[in-house]
Number of protein chains: 2
Amino acid sequence: MAWRGALAEFLIRKLEHFTSLSNDDKHALDQASRQRTRRIRSRDDIVHEGDLPQGVNLILDGWACRYKTLEDGRRQIIAYLLPGDLCDQNVSVLREMDHSIGTVTAVTLAEIPTETMRQLTSGHARLSQALCWESLVAAAIQREWTVNIGQRTAFERLGHLLCELYVRLRAVGLTQGNTCELPLTQAEIADTIGLSVVHVNRTLQELRSVGLISLRGRELTIHRLEALQRAVQFNPNYLHLGREGRHLDSNEA
Amino acid sequence: MAWRGALAEFLIRKLEHFTSLSNDDKHALDQASRQRTRRIRSRDDIVHEGDLPQGVNLILDGWACRYKTLEDGRRQIIAYLLPGDLCDQNVSVLREMDHSIGTVTAVTLAEIPTETMRQLTSGHARLSQALCWESLVAAAIQREWTVNIGQRTAFERLGHLLCELYVRLRAVGLTQGNTCELPLTQAEIADTIGLSVVHVNRTLQELRSVGLISLRGRELTIHRLEALQRAVQFNPNYLHLGREGRHLDSNEA
DNA sequence: ATAGTTTCGTAACATAAGTTAATTTCGCCC
DNA sequence: GGGCGAAATTAACTTATGTTACGAAACTAT
């Protein structure tokens, strides 16, 4: 059976970078994704800080983000949730959410009940490992963001973010050649890498003028990925995609 | 039985902020900590980026940190590991470490084999939940660091870090009144919050001059915790210590 | 104690990034 | 297809933070 078109398609593709799943595993994942799906419109909230944590959300389509707002309005985007990403495999252990999750684009998500998750992991050793891997990778990404914001220059920070998003999208088959969608406004990028909008704009101009990227409409093209990686010290090892995350064929354009 | 003096003392204390453990749970934890302990001297590496991940490490005593180094020598400290902290409950799923772990002070740690961990979690539902909570809190801390470095001013960043370390130490009984150890050099603080050493020094002077803290030798005193929290927008909810992480009695001085 | 080595403290100066504000371009809706 | 609001762009100016450098203090080891 081809898993193109399965609701859990992107998640399955992602997990297969770590291990190959049996048809049974994939079927179970897909079933779990069908129990309850929800459509949320663009720039809307999925979960609020202070909420009681619910079961697991799987992003089926669209972009979301975790974010936190300070009292005076400053906002930090803490993570991007792309198709195939699971939010919070175990949060229900906590008493309340310490941050919010909002959409960037319109999003379709599957709400997988805690009980279904339990069944998935107890009955499928391989799958259970793969899900564990997925949450370790999410943690590794969060660590890398700390490094990115803490140590890198504006140019490197922005380039690094673009590399990461591109490679993550490629890992789930959402790139065409060296192009992918980038539905973020410059204000959102600014809140992601801790810069002002104006400086994001300047830095974007710089990345363009040295010929490393194009960004028009909501479409990003990375002209020379290798060069960009070098220029911004992007080492994809933290994504744990095997074989360094490079040379993974994307779906052809 | 009193668990003062148990090797896993600090871990037990920490977990009990989340749930109360049975004597059986505590005994199992303590036994697991006794299997293999190791002593590492100050400013030495425990784990190197690129290493094959091993079983779980539990910090029994002393301070360690996760860090990452860029090619040109810039370094970011990604997390502090304090007594009672577990490193990497499931890393063995990954093929290689994407960052290093080094000591700040001399450290005693327990290496808990993967198999022992499995037994711990499968035989003790309560404990298993508590360990899950501990890893969710670690992730929440990492997210908060992203916010801290991304959005806050130097003054807030540093104050926030000090609040966090103080509250975490208090949660395991390692404070005396409003004082705790802070065995970090200013260079290490700088690499933690993404500032230069000089600016850390300036900012420290500022925190002192407004009477919020004292820091001499390796001893930190927070004179007015509430005031400091307000001044730097430190909201301890992300530590999920129940009751907001305040009013937890520390061991008396 | 003494010498050597970190760490801390400060000053003078340099610069990356923030702010404000005005203009242009883009995407969308009637 | 014109008008409206959001997003992007640019310029001029400000500021927080970085850099370099040097001396003082605090540890460490003999």
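First the proteins, then the strands, lettered A, B, ... as listed; each starts at 1.
- Residue A/Leu204 is out of contact with every strand shown, counting any heavy-atom pair closer than 4.0 Å.
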Please list, pair by pair, any protein nitrogen or oxygen found under 3.5 Å from a nitrogen or oxygen in nucleotides 4-7 of chain C.
none

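- Distance alone, capped at 3.5 Å, is enough to place a donor-acceptor pair between the B/Ser42 side chain and the B/Val104 backbone.
- Sorted by residue number, the members of residues 142-160 of chain B with any non-hydrogen atom under 4.0 Å from DNA chain D read B/Thr153, B/Ala154.
- In terms of modelled atom types and a separation under 3.5 Å, the side chain of A/Gln76 and the main chain of A/Thr192 share a donor-acceptor contact.
- Within the structure, every side-chain polar atom (N or O) of B/Arg216 is placed at least 4.0 Å from both OP1 and OP2 of C/dG9.
- Each end of the helix from C/dA1-D/dT30 to C/dC30-D/dG1 gets its own axis from five base pairs, and the two axes differ in direction by 60°, given to 10 degrees.
- A/Glu206 places its CD atom 15 Å from the C1' atom of D/dT10, with the value rounded to the nearest Å.
- Separation of atoms OG1 (B/Thr203) and CD (B/Glu156) is listed at 11.0 Å; rounding is to 0.5 Å.
- Remark: side-chain polar atoms of B/Gln142 are paired, donor with acceptor, to backbone N or O of B/Ile78 under 3.5 angstrom.
- A/Arg157 contributes no side-chain N or O that, together with a main-chain N or O of A/Leu195, makes up a donor-acceptor pair within less than 3.5 Å.
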side-chain hydrogen bond (donor to acceptor under 3.5 Å, both in side chains) between B/Asn148 and B/Glu164: does it pass, once the steps are laid out? CA-CA 11 Å; B/Asn148 201 32; B/Glu164 180 188 300; over 6 Å; no

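- Residue B/Asn201 places at least one side-chain N or O under 4.0 Å from the OP1 or OP2 atom of C/dG9.
- With hydrogens and angles disregarded, a donor-acceptor distance shorter than 3.5 Å links the side chain of A/Thr103 to the backbone of A/Asp44.
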Polar atoms only, N or O, under 3.5 Å: list the protein pairs with nucleotides 12-15 of chain C and their distances.
none

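- Counting heavy atoms from C-beta on, the side chains of B/Leu207 and B/Leu162 come closer than 4.5 Å.
- Proximity of B/Tyr166 to B/Leu182: side-chain heavy atoms (C-beta onward) are nowhere separated by under 4.5 Å.
- Residue-environment remark: CD (B/Glu181) stays at or below the threshold of 12 foreign heavy atoms within 6.0 Å.
- Side-chain atoms of A/Arg39 and A/Thr108 form a donor-acceptor pair, as typed in the model, at a separation below 3.5 Å.
- No donor-acceptor distance shorter than 3.5 angstrom exists from the side chain of B/Glu111 to the backbone of B/Arg38, with no hydrogens or angles considered.
- D/dA7 atom P lies 12 Å from atom CD1 of A/Ile189, rounded to whole Å.
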Full working for salt bridge (charged side-chain N to carboxylate O under 4.0 Å, His left out) between A/Glu71 and B/Arg152: CA-CA 12 Å; A/Glu71 285 165 22; B/Arg152 291 191 244 258; over 6 Å; no

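- Among the heavy atoms of the strands, none lies under 4.0 Å from A/Arg74.
- Atom CD in B/Gln205 sits roughly 17 Å away from atom P in D/dA24 (whole-Å rounding).
- Judged purely by atom type and a 3.5 angstrom limit, A/Gln151 uses its side chain to pair as donor or acceptor with the backbone of B/Arg75.
- For the pair A/His199 NE2 and D/dA12 P, the interatomic distance rounds to 18 Å; values are reported in whole Å.
- No side-chain donor-acceptor contact under 3.5 Å links B/Asn178 to the backbone of B/Thr221.
- Taking only side-chain atoms of A/Ser196, from C-beta outward, the nucleotide of D/dT17, D/dT9, C/dG18 with the closest atom is C/dG18.
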Could you list the protein-to-nucleotides 28-30 of chain D atom pairs, N/O on both sides, closer than 3.5 Å?
none

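- With sequence neighbours excluded, no residue forms a salt bridge (Lys or Arg N to Asp or Glu O under 4.0 Å) with A/Arg216.
- Put simply, the side chain of A/Leu169 does not reach to within 4.5 Å of the side chain of A/Val167, judged on heavy atoms.
- If you measure from atom CG of A/Leu182 to atom C1' of D/dA7, you get 14 Å, rounded to the nearest angstrom.
- Atom pair B/Arg208:CZ and C/dC8:P shows a separation of 9 Å (rounding to whole Å applied).
- Mapping A/Gly194 and B/Leu215 onto DNA chain C by nearest heavy atom places B/Leu215 at the nucleotide closer to the 5' end.
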